[in-house]
Amino acid sequence: MSEVRVRFPPSPTGYLHIGGARTALLNWLYAKKTGGKLILRIEDTDEERSTSASIDGILDGLSWLGLDWDEGPYFQSSFADDHCRAAQKLIETGHAYKCFCSKEELEAKRDAAMAAKQDVKYDGTCRNLSGEEIAAREKAGIPAVIRFKVEKKDGVVGYDDRVLGRIERRYDDIEDFVIVRSNGKPLYLLCNVVDDIRDRISHVIRGQDHMTNTTRQVLLYEALGAPVPVFAHMPLTLDLQKRKISKRSHGEIVAVQFYRERGFIPWALCNFLVLLGWNPGDDREIFSREELIEAFSLERIGKTNSIFNYRKDDPKFFTDPKAIAINAHYLRTLPIVEIGALVKKHFQTQGLWHDDYDGPRREWFLATLELIRDRFHTINDFAEAGRAYFADDYALDPQPLAKNVLKHPELREWLPGLAERFAALKLFDKEHTETATRGMAEELAIKPGILINAMRTVLTGQLAGPGLFDVLVALGREKVVARLRDIDRLFGGI
RNA sequence: GUCCCCAUCGUCUAGUCAGGUCCAGGACACCGGCCUUUCACGCCGGCAACACCGGUUCAAAUCCGGUUGGGGACGCCA
């Protein structure tokens, strides 16, 4: 068995979206699994829509996801000569011909056929022009495209799909498709095959939306005298209305970049994406890289399209709930130093980072992340719901403020009083702060919960959080005392 | 209209190739309970699906046929 070589060939016409990321991921996994190579090739032959910003975005997205490649990025546009030579060869060997039908004519015919609910295949007008007829048209300066000449014969062309099984299509059902534009630029169908041959691609893993391309491309491989690679068509990812997910209709929610901005852990996103249309055959759903590579196989890719369960404007879930759940799982189970590294990056962009956190305060920093991470869903939560641990400009959630603080005006006395007790404590630790708090509640003949819940809200801005006395220790005496003394500011507005 | 693919809980899916161990298993979400000064985590429990109709068989989610439904493709886009 020769070397496995797979490729990811994005067209740089937008950002990397999760469908593309999923394709890249599966190719990457197969390469890793087999010890093969992943080739990255930018398919930029549509010069009008290709942008360099898009190329950067795709490369950034892949890097962020941790999907590395072994060769490339190659640029399809730099192999234009190969593509043209292949087209020329196809004409010379009788596998292709020039077609002088105008775009307008063809469009008119196609529209008419569609309207009449007829088949819309090319009618073969130029298929059998004589040498003289061709010469005459060329002399007259009529622009021509090059079409592939599909053999007129009974039978089928087919391939053995590693996911779907044997796929066949009758020659009769395949029209003479265009492989070179009238401006001389070869089209995707041809370029893609020529590049895959040159790059010695052994397995083509791509979406089911390419299935009709594949049968035509098999014809090209054969005409070009090249071995046909193994194909594996993966199911598509659809939205709740069962439409293909796309930037145009779904916006940022399908962009890898969006998940990066919202505080996703890169591998968590990969883990979620691989489960859309693949499973290991047992009940596992969480995989380390190594585990996933070990478990992966093309045969376990499903045949059924899956739905990306995202509801626009859902107040509770900003994306597919399962994606969030997987991310949250990683957030609370990854080694805390890994979380620390991710939080550091985010804090740096938020102006919350202090170099101390990598130095003398490192232990405190990591312990605090450990304390609060259990109820967070994304890395961004550390700077939002967790802000009070790292800065003084944290927001107070109005709901708990009303419920836990403003409801008890006596807290204007109690909390500063408690602050003084804390200030006087020999040791500011869990045990002593708890004793002081409960002691005061007893003296006041109130439930300790009143003081505890009030403190949680005042000190963290939140309704809920870790055990309060852990919070006190994490914040440290200085901040706790200052925030409790300053209680009046909260009542100022009433 | 033509061609191709697909069809199990709301969603992701196991089971289908080698029919019985499946009155269908897991996960997410949802609902209830335990734990807890709060919330979350964790644990326990619940709700919830074999698209339909025929056929084959002692036996069908599983095999066969049809119907319906969904998706994809039908560009001088990739």
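No hydrogens, no waters, no symmetry mates; every other heavy atom, side chains included, goes into these values. In what follows, chains are A, B, ... by sequence order, proteins preceding strands, each numbered from 1. Since we're looking at a predicted model, the values are computed, not measured.
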Classify A/K447 by what it touches in the nucleic acid, base, sugar-phosphate, or nothing, heavy-atom distance under 4.0 Å.
nothing
Counting any heavy atom closer than 4.0 Å, what does A/H233 reach on the DNA or RNA strands: base, sugar-phosphate only, or nothing?
nothing
Please report, rounded to the nearest Å, how far the P atom of B/rG26 is from the CD1 atom of A/I286.
17 Å
To the nearest Å, give me how far apart CD1 (A/I245) and P (B/rG71) are.
15 Å
Atom pair distance, as rounded to whole Å: CG in A/L275 and P in B/rA29
14 Å
Which value, in whole Å, describes the distance between the P atoms of nucleotides B/rC39 and B/rC30?
16 Å
More 5' along RNA chain B: A/M211 or A/L236, using each one's nearest nucleotide?
A/M211
Report, as a single string ordered 5' to 3', how protein heavy atoms within less than 4.0 Å touch nucleotides 35-51 of chain B: B base, S sugar-phosphate only, - not at all.
--BBBBSS---------
Rounded to whole Å, please give me the gap between CG in A/D196 and C1' in B/rA78.
13 Å
Should we say atom CD of A/E138 is surrounded by more than 12 heavy atoms from elsewhere, each under 6.0 Å from it?
yes
Hey, is the main chain of A/K303 close enough, under 3.5 Å, to the side chain of A/Q208 for a donor-acceptor pair?
yes
Could you work out which one of B/rG1, B/rC30, B/rA7 sits closest to the side chain of A/T304?
B/rA7
Side-chain H-bond candidate by donor/acceptor type, A/H203 with A/N27, under 3.5 Å
no
I want to check one thing: is the phosphate of B/rC3, taken as OP1 and OP2, less than 4.0 Å away from some side-chain N or O of A/R170?
no
Does a side-chain N or O from A/R110 land closer than 4.0 Å to OP1 or OP2 of B/rC74, or not?
no
If B/rA49 has a Watson-Crick or G-U wobble mate with both distances under 3.5 Å, name it; if not, just say none.
none
Do you see a donor-acceptor pair shorter than 3.5 Å between the side chains of A/D195 and A/Y74?
no
Please report the distance separating the C1' of B/rA51 from the corresponding atom of B/rU68, rounded so that it comes out in whole Å.
8 Å
Using the P atom as the reference point in each nucleotide, state the distance between B/rA27 and B/rU57 in Å, no decimals.
40 Å
Do the side chain of A/S182 and the base of B/rC76 come within less than 3.5 angstrom through a donor-acceptor pair of N or O atoms?
yes
My understanding is that a pair needs two contacts under 3.5 Å, Watson-Crick or G-U wobble. By that rule, which nucleotide pairs with B/rC39?
none
Would you check, one step at a time, whether the test side chain to side chain donor-acceptor pair (under 3.5 Å) holds for A/Y97 with A/D176?
CA-CA 9 Å; A/Y97 61 90; A/D176 287 350; 2.6 Å; yes
Is there a side-chain polar atom (N or O) of A/R300 under 4.0 Å from OP1 or OP2 of B/rG15?
yes
Can you check the A/D173 CG to B/rC74 P distance for me, whole Å?
15 Å
Decide yes or no, distance alone: a donor-acceptor N/O pair under 3.5 angstrom between the base of B/rA78 and the side-chain of A/N213.
yes
For atom CG of A/N279 and atom P of B/rC28, their distance in whole Å:
16 Å
Passes ring pair (Phe, Tyr, Trp, His ring centres under 6.0 Å), A/H377 versus A/F317? Steps please.
CA-CA 10 Å; A/H377 294 123; A/F317 304 105; 8.1 Å; no
Contact under 4.0 Å: A/R181 side-chain N or O vs B/rA78 OP1/OP2
yes
Please check if any side-chain donor atom of A/T214 sits under 3.5 Å from a side-chain acceptor atom of A/R206, or the reverse.
yes
For atom C1', what is the distance between B/rU16 and B/rA7, given to the nearest Å?
12 Å
Using a heavy-atom cut-off of 4.0 Å across all strands, would you classify A/Q462 as base, sugar-phosphate, or nothing?
nothing
Nucleotide forming a Watson-Crick or wobble pair with B/rG75, both distances under 3.5 Å
none
Using the ring of A/F148 (Phe, Tyr or Trp, six-membered ring only), decide whether A/R216 places NZ or CZ under 6.0 Å from its centre and within 45 degrees of its axis.
no
For B/rG20, the Watson-Crick or wobble counterpart (both distances under 3.5 Å):
B/rC58
Look at atom CZ of A/R198 and say whether more than 12 heavy atoms of other residues, nucleotides or ligands are closer to it than 6.0 Å.
yes
For A/R169 and for A/K242, find the nucleotide of RNA chain B with the closest heavy atom, then tell me which residue's nucleotide is more 5'.
A/R169
N/O donor-acceptor pair, side chain A/Q208 with base B/rG71, under 3.5 angstrom:
no
For the P atoms, the ones on B/rC28 and on B/rC6, what distance do you get once it is rounded to whole angstrom?
30 Å
Base paired to B/rA14 (Watson-Crick or G-U; both N/O distances under 3.5 angstrom):
none
Looking at A/D172 and A/R170, does any basic side-chain N land under 4.0 Å from a carboxylate oxygen?
yes
Let me know the distance between CG of A/D176 and C1' of B/rC76, rounded to the nearest Å.
15 Å
Below 4.0 Å: OP1/OP2 of B/rA78 and any side-chain N or O of A/T45:
yes
Separation between the P atoms of B/rG70 and B/rC9, rounded to whole Å:
16 Å
From CG of A/D209 over to P of B/rG70, roughly how many Å is that when rounded to an integer?
20 Å
Gap in Å between the two C1' atoms, one belonging to B/rC23 and one to B/rA18, rounded:
25 Å
Please measure how far the C1' atom in B/rU11 lies from the corresponding atom in B/rU36, and state the result in whole Å.
31 Å
